[in-house]
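Comments concern the structure below.
Model, not experiment: these values are computed from the prediction.
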Amino acid sequence: IQINRKLVPWLNDRFKPGRLCDVLNSYSKPFNELELASEIDLIDPKKNRVIVSTIHRAKGLQFETVIIPEAVDGTYPSFYAIKNGNDVQIEEDKRLLYVAISRPTHKLIITAHKSFKGYRKSLSRFLSGVLHHFKIYEK
């Protein structure tokens with residue numbers, strides 16, 4: 001399904017039309033570009049107005065609006081990093097959250113919750129120093 005929806009149109013926009021295997025066999029250029037392409041490269045911004053991506057795949061990219069759900073301790077940093085006292089993983093989780101909050105060009109929306117399945121939650125410790133930059137809406 002992804003090939004028909006994303007990859008084939010991407011190739012057809014750039015190279016001579018034909019079956020995917022024929023295009024890849026007859027040209028080295030499409031294959032080299034395809035090898036370097038990330039999933040986000042295959043998205044046509046004219047057709048796809050909403051892009052759902054992971055923080056890992058968003059590195060180096062910019063988006064008009066970014067929504068970061070569940071920005072709580074237990075997610076940033078992860079529950080397992082906290083539980084195991086894994087400082088390396090905690091620092092990596094901090095970097096990942098930084099990547100996420102640095103991607104929007106216009107609007108950043110961060111969500112958090114106070115409890116989940118009976119467990120109290122608190123906003124990620126990594127956001128405490130920047131809270132004064134945000135409008136806070138509580139329900």
For this session: Please lay out, stage by stage, how Glu64 and Lys107 fare under the test side chain to side chain contact (heavy atoms under 4.5 Å, CB included).
Result: CA-CA 6 Å; Glu64 186 176 321; Lys107 186 187 292 186; over 6 Å; no
Problem set entry | From CA spacing to verdict: side chain to side chain contact (heavy atoms under 4.5 Å, CB included), Leu97, Ile68 | CA-CA 9 Å; Leu97 185 58; Ile68 303 171; 4.3 Å; yes
Problem set entry | NZ/Lys121: more than 12 non-hydrogen atoms of other groups inside 6.0 Å | yes
For this session: Check step by step if side chain to side chain contact (heavy atoms under 4.5 Å, CB included) holds for Ile101 and Phe126.
Result: CA-CA 11 Å; Ile101 66 175; Phe126 304 141; over 6 Å; no
Exercise. Any idea which heavy atoms bring Asp73 and Ser124 closest together, and the distance?
Worked result: OD1-CA, 3.5 Å
Exercise. Given Phe134 and Ile110, is the side chain to side chain contact (heavy atoms under 4.5 Å, CB included) satisfied, shown in steps?
Worked result: CA-CA 9 Å; Phe134 292 92; Ile110 298 174; 3.8 Å; yes
Seminar exercise, completed: Shortest non-hydrogen pair, Gln62 vs Thr105, comes out as NE2-CG2, 3.6 Å
Problem set entry | Under 4.5 Å side-chain linkage, directly or through intermediates, the cluster mates of Ile67 | Ile109
Exercise. Looking at CZ of Arg95 and OH of Tyr76, how far apart are the two atoms once the value is rounded to the nearest 0.5 Å?
Worked result: 14.5 Å
For this session: Considering non-hydrogen atoms only, spot the tightest contact between Leu123 and Ala112 and give its length.
Result: CD1-CB, 3.6 Å
Problem set entry | Least distance between heavy atoms, Leu127 atom then Ala71 atom | CD1-CB, 3.9 Å
Exercise. What are the two closest non-hydrogen atoms of Ile90 and Pro77, and how far apart are they?
Worked result: CG1-CB, 4.0 Å
Problem set entry | Leu108 with Val72, same ILVMFWY side-chain cluster at under 4.5 Å | no
For this session: Could you tell me whether the side chain of Asn86 and the main chain of Val88 form a donor-acceptor pair under 3.5 Å?
Result: yes
Exercise. Is the shortest heavy-atom distance from the side chain of Glu91 to the side chain of Asp87 under 4.5 Å?
Worked result: no
Exercise. Is Tyr80 isolated, or which residues cluster with it under the ILVMFWY side-chain rule of less than 4.5 Å, directly or via members?
Worked result: Phe79
Exercise. Any donor and acceptor pair, going by atom type alone, linking the side chain of Ser78 with main-chain N or O of Ala81 inside 3.5 Å?
Worked result: yes
